[in-house]
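All values below come from the heavy atoms of this structure, side chains included, with hydrogens, waters and symmetry mates left out. None of the values given here were measured: they were computed from a predicted structure. Atoms within each ligand, like the ligands themselves, are counted from 1 in listed order.
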Amino acid sequence: MKGKGRNANSMGKRVMDRLDELAQISESPGMLTRRFLTPAHARAMDQVGAWMREAGLQVRVDPIANVIGRLEGRRPGAPAILIGSHIDTVIDAGKYDGNLGVVAGIEAAAALASVPDKLEHAVEVIAFGDEEGVRFPSHLLSSRSLTGAVRARDLDVVDADGISVKAALGGLGLPDGLAACKRADKDIAAYIEVHIEQGPVLQAKRAALAAVTAINGAARMRVRVEGIAGHAGTVPMALRQDALAAAAEMVVAVEEIGREGGDKLVATVGRTDVRPNAVNVVPGEVHFTIDVRSPSDAIRMAAQKKIATALHKIGKKRQVRVTAETYYEMPATKMDDRIVAAVSAGIAAVGQKPIMLASGAGHDAMAIAPKWPAAMMFVRCTDGISHNPAEHITRDDSDLAVRALIAAIRHLDATL
Ligand code: HGY
Ligand code: MN
Ligand code: MN
């Protein structure tokens, strides 16, 4: 593959074809669902590893299932410009969220490997596996493990079947060794993540690419509402402690608090679990999740407090027990000006006007930014649709993204 077919457009075509191929690797027939450390994730790891090898990269898998491909620079062992994103997905996902950044990174690395003029820096492409946090009550475990932010006990969290991250890693035959995932400061010079915008702004501005300046902060809470299960036919309305009716009032309260924040706040109840979930039983217990985000940590934390107060007030009124726990929190993250400048230079180098955008969605770049200078490149996505099988990008835009990424890497190599 070295050197072959790397002219304009062929890179975009290969990226799109590979994303189609990768989208076939799923836990569920007829839709794309690929959760962290499932057999489908393992198959996707093998696939991206094979593409990395084909590109001429040295490939390894670390103990938390990151697939890492390395292209040495002029001097072996030089610090790396890291290009990454995630290959895990939400349930019934689109094929571009996360996967685009890995496949585009491989394509860019292959182009750099295929020419004689070597860079000063190494280039590494990394496929993270726990960005969505959909299987385990965890988040960004794989990218945060590079910085040493993950503790051994963080791998004890269990999925809905009671399987821990640690056991799932063992199930993939990966050695115990979180410490081995941690990278030395000097190992990495910069991080760039190419990702679909997951919003409508680039389409509205008729622009293909943007440099991301910041990522909204986010918190995830899990709530348990305990009432009393009862016979739907015999328990009078006035005597019920109906966990689902209480949870429903709480869901509306969360939405109201989110609305009060205008364009500076979003609050979502995305998952509910009703027990015993039977047509003729007054629900005794409900579990649900809350996702709160804002560009301002002060606004987000104030909203989290307001939500907690509302939950307990409704619980008291309805005589149900409420327990709410924040299990994930990530501050709003500013991208590094130098890397933003490199991404903008890369976008300009392919004849596009560099738009600057903040990200409402969370990304692995949030995990990397506290330790190494990081930025992102957004790619236009049709009607801003994401976390939805209708997610779509064009081949031309994917080709522009790869070429802009190559230019950004070269810019960084010359300026870092
Ligand atoms: O939730 C997010 O923002 C990301 O898609 N994991
Ligand atoms: Mn993503
Ligand atoms: Mn996502």
Side-chain angles (χ1 to χ4, degrees), residues 19 22-23 26-27 31-36 41 44 48 66 83-105 125-144 191-202 210 212 214-222 258 265-271 289-295 297 300 326-333 335 357-369 374-381 384-393 398 401:
L19 287 168
L22 205 48
S26 172
E27 293 173 51
M31 67 166 78
L32 172 53
T33 298
R34 190 163 63 226
R35 296 170 302 151
F36 186 38
H41 177 212
V48 296
N66 291 317
I83 310 297
S85 198
H86 60 94
I87 57 173
D88 65 319
T89 73
V90 293
I91 313 282
D92 197 7
K95 58 176 92 162
Y96 304 101
D97 176 4
N99 298 292
L100 169 65
V102 175
V103 174
V125 183
I126 187 164
F128 296 118
D130 178 44
E131 196 279 339
E132 298 294 0
V134 164
R135 177 179 178 187
F136 300 98
S138 62
H139 200 183
L140 304 178
L141 280 182
S142 33
S143 39
R144 286 171 52 232
Y191 175 79
I192 296 181
E193 180 165 357
V194 174
H195 201 287
I196 55 170
E197 179 201 341
Q198 298 178 302
V201 176
L202 283 174
V212 176
I215 303 174
N216 282 2
R220 292 185 180 180
M221 300 162 76
R222 54 178 163 214
L265 185 69
V266 285
T268 314
V269 173
R271 178 176 172 163
T289 60
I290 303 174
D291 176 312
V292 187
R293 313 220 191 170
S294 171
D297 291 337
R300 175 175 54 80
T326 300
Y327 69 89
Y328 165 76
E329 197 148 14
M330 213 51 167
T333 306
M335 299 285 89
L357 270 186
S359 174
H363 301 284
D364 287 303
M366 297 168 96
I368 302 294
M376 296 182 72
M377 182 189 299
F378 270 174
V379 181
R380 169 171 42 191
C381 66
I385 295 171
S386 183
H387 283 190
N388 178 320
E391 209 174 75
H392 173 264
I393 65 169
S398 72

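Residue contact check for ligand 1: Arg220 places a non-hydrogen atom closer than 4.0 Å to it. Residue contact check for ligand 1: Arg293 places a non-hydrogen atom closer than 4.0 Å to it. The shortest heavy-atom distance from His387 to ligand 1 is under 4.0 Å.
The shortest N or O to N or O distance between Gln198 and ligand 1 is not below 3.5 Å. Close N/O approach between Gly362 and ligand 1 is found [any backbone or side-chain N/O within under 3.5 Å].
Using a 4.0 Å cut-off to heavy atoms of Glu132, the atoms of ligand 1 that qualify are 4 (C), 5 (O), 6 (N). Listed by atom number, the atoms of ligand 1 under 4.0 Å from Ala361 heavy atoms are 3 (O).
The structure places CE of Met366 at 5.5 Å from CE of Met330, a figure rounded to the nearest 0.5 Å.
A salt bridge links Arg300 with Glu329: the distance from a Lys NZ or Arg NE/NH1/NH2 to an Asp or Glu carboxylate oxygen falls below 4.0 Å.
Ring to ring, His195 and His86 are close: their centroids are under 6.0 angstrom apart.
Listed here is the closest heavy atom pair of Glu197 and Leu202: OE1-N, 3.0 Å.
Of all N/O/S atoms in Glu132, OE2 sits nearest the Mn ion (ligand 3). Distances from the Mn ion (ligand 2) to each N, O or S atom of Asp97 single out OD1 as the nearest.
Looking only at atom types and distance, the side chain of His387 has a donor-acceptor partner in the side chain of Asp97 under 3.5 Å away. If you check the side chains of Ser386 and Glu391, you find a donor sitting under 3.5 Å from an acceptor.
The angle subtended at the Mn ion (ligand 2) by NE2 of His86 and NE2 of His195 is 110°, given to the nearest 10°.
The aromatic rings of Phe36 and Phe136 stand perpendicular to each other, their planes meeting at an angle above 60°, with 30° marking the opposite boundary.
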